[in-house]
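Read the structure below first, then the notes.
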Amino acid sequence: GQETIGLELHKPLVPASLNLSEYFKQFLFPQNECELHDFRLSFSQLKWDNWIVAPHRYNPRYCKGDCPRAGGHRYGSPVHTMVQNIIHEKLDSSVPRPSCVPAKYSPLSVLAIEPDGSIAYKEYEDMIATKCTCR
Amino acid sequence: SQASRGEVEIAAGTEWESEAVPWSLVKPLDKKDRPGSLPPLFKVLYDGQGGAPRLQPDSRALRYMKRLYKSYATKEGIPKSNRNPLYNTVRLFTSCAQHKRAPGDQVTGTIASVDLLFHLDRVTALERLLKSVLLFTFSNSISFHSAVKCMCNLVMKEPAFSSRNPHRAQSSLTFNSQFEITKKQKWIEVDVTAPFQPLVASDKRSIHMLVNLTCVKDQLQPPSARDRPLNVTLLVPPSLLLYLNDTSAQAHHRWYSPHYKRRPSQSAGHKRGLSACPQGEKSAEGVRPSRRRR
């Protein structure tokens, strides 16, 4: 059997017609897939630093990118998302593709000066996106 | 809960759309579109009136609140998990009018009794009071050679003229609290939850009180240090700190967030702890069933 094993070892791993970069392309995720992006702003840019004392920097983050056709495995998307994709591709392109939107948020603590001069520490819900989904 | 809440908002259709609008600072919206019950932060975002004229706060009070902020949140504004989960709002009020009624007595160290008036208009109907503190500090940094014992006497007054019953005699409620000032202490917090609870709960918009502070030196001191007068008149008239639980939907409720997990034993202890401050229990219980129903 040594000859057969030898022959097997010399057999190319991938069909000659398909070169390596092409072969790996099928495993790469699309370049601009739906994901979380940072957007750091300071309240002085919005000219609110005369009443918002802290935090100085605020990064609400946002979701941007294309939704892959099989959204379920990575984004926790419901089956409806895939159905909407199929409708867009096969039945009616006026129905939009699923959108890349936030799925989870975290709160933000704000120290603010009230109009009467009193000072308030408050925690606001849903002020920072922490996870994206396709819907 | 996020997804369900998201579905509820999307299902709400137009209402959710109008809520989404406040963030569009690009185009000013005319008055008719403005939804009614937005918390102050969103109202300002909505109106773009961030620049509305504001009274400037007391610098010492601002320094204290910045220090409180640093202990409750990170630099990016993420709430830390180490603070009491029951309150998500802390408000500091400085007194509008302070009249010194009687000069201080250097020997016994009695501070001039101070007449204070706090306007609490910024406390919203959805904010439940959990704890009230009078915050004393010194006009300039002084350090005691040893601990000093103080007695704080509060006389709560009805406002001079109460529209409801103009002829009612001024009623007053006296409250005493003892505490100790150690060396180099910058802030002195006196818990006054008991006398304030009924006033804030009865939706009073302003609170009028007389504060007497008597500080005597520790008798164990060597005679030489005892005859040095205790200059407590350096104490600045106190500010009022209210620890509240904002029950509105926009406020962060830590005990419901998935990040805040209580161990069964701790939650049992937590329940016992709540019985120590009935207000907290009422507000927490009050909030829990409605949220569970929702």
Side-chain angles (χ1 to χ4, degrees), chain A residues 38-63 75-78 80-81 84 98-99 101-135, chain B residues 2-3 5-6 10 25 39-42 44-45 48 50-58 61-62 64-66 68-70 72-80 87-94 96 118-123 239-240 242-244 246 248-254 257-259:
Chain A
D38 285 327
F39 187 87
R40 287 184 174 76
L41 63 88
S42 68
F43 287 113
S44 54
Q45 287 171 279
L46 299 170
K47 295 188 176 29
W48 293 341
D49 51 329
N50 63 326
W51 64 285
I52 291 191
V53 179
H56 298 302
R57 293 182 305 279
Y58 168 39
N59 178 10
R61 310 179 89 178
Y62 64 97
C63 296
Y75 293 98
S77 307
H80 171 274
T81 307
Q84 185 174 333
S99 308
V101 292
K104 282 196 186 303
Y105 298 89
S106 73
L108 179 75
S109 293
V110 175
L111 188 64
I113 298 173
E114 302 274 28
D116 65 350
S118 64
I119 308 168
Y121 166 87
K122 287 196 79 72
E123 290 177 358
Y124 287 105
E125 198 74 285
D126 304 342
M127 292 287 281
I128 299 172
T130 55
K131 189 173 183 296
C132 297
T133 183
C134 287
R135 285 280 195 272
Chain B
Q2 292 297 343
R5 188 189 301 184
I10 291 170
L25 292 173
L41 177 63
F42 303 114
V44 175
L45 297 185
R54 288 161 191 273
L55 297 176
Q56 278 314 303
D58 173 80
L62 192 54
Y64 179 87
M65 288 301 275
K66 284 180 178 175
L68 178 135
Y69 184 87
K70 279 187 189 135
Y72 284 178
T74 64
K75 271 192 179 160
E76 286 67 35
I78 310 291
K80 292 179 185 173
Y87 46 79
N88 51 21
T89 299
V90 182
R91 290 185 179 280
L92 185 142
F93 297 92
T94 40
C96 312
F118 293 106
H119 288 306
L120 308 182
D121 301 316
R122 304 306 300 180
V123 180
S239 303
L240 174 63
L242 299 183
Y243 291 83
L244 305 138
D246 183 346
S248 66
Q250 286 84 12
H252 173 49
H253 301 289
R254 186 174 294 245
S257 70
H259 319 294

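Because only heavy atoms are used, hydrogens play no part in the values below, and waters and symmetry mates are left out as well, while side chains stay in. Quick note on labels: first sequence line is chain A, next is B, and so on, each numbered from 1.
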- Test ring-ring contact (aromatic ring centres under 6.0 Å, His included) applied to Phe118(B) - qualifying residues, sequence neighbours left out: none
- Task: Show your working on side chain to side chain contact (heavy atoms under 4.5 Å, CB included) between Arg91(B) and Lys122(A) and close with a plain yes or no.
- Result: CA-CA 8 Å; Arg91(B) 290 185 179 280; Lys122(A) 287 196 79 72; 4.1 Å; yes
- Turns out that what part of Tyr72(B) lies under 4.5 Å from chain A's heavy atoms comes down to both
- Message: At a heavy-atom distance under 4.5 Å, which candidate from Asp49(A), Thr133(A), Val53(A) has the highest pair count against chain B?
- Response: Val53(A)
- Task: Answer yes or no: is there a side-chain heavy-atom contact under 4.5 Å between Gln250(B) and Glu125(A)?
- Result: no
- Item | Rounded distance (nearest 0.5 Å) linking atom CG of Leu244(B) with atom OH of Tyr121(A) | 13.0 Å
- Item | Tyr69(B) versus Ser109(A), closest heavy-atom pair with distance | OH-O, 2.7 Å
- Item | Leu68(B), part contacting chain A, at a heavy-atom distance under 4.5 Å | side chain
- Got a second to check how far Ile113(A)'s CD1 is from Gln56(B)'s CD, nearest 0.5 Å? 5.5 Å
- Find the one option among Ala251(B), Ala73(B), Ala61(B), Pro79(B) whose heavy-atom pairs under 4.5 Å with chain A are most numerous. Pro79(B)
- dist Ile78(B):CD1 -> Met127(A):CE (nearest 0.5 Å) comes out at 10.5 Å
- Query: At a heavy-atom separation under 4.5 Å, does Ala112(A) approach chain B through its side chain, its backbone, both, or neither?
  - Reply: neither
- Task: Pick whichever of His119(B), Lys80(B), Glu76(B) has the most heavy-atom pairs under 4.5 Å with chain A.
- Result: Glu76(B)
- Message: With a 4.5 angstrom heavy-atom cut-off, is it the side chain or the backbone of Lys70(B) that approaches chain A, or both, or neither?
- Response: neither
- Task: Check side-chain hydrogen bond (donor to acceptor under 3.5 Å, both in side chains) between Ser239(B) and all other residues, then give those that pass, not counting sequence neighbours.
- Result: none
- Could you pull out the closest heavy-atom pair between Arg122(B) and Asp116(A), with the gap in Å? CG-OD2, 3.1 Å
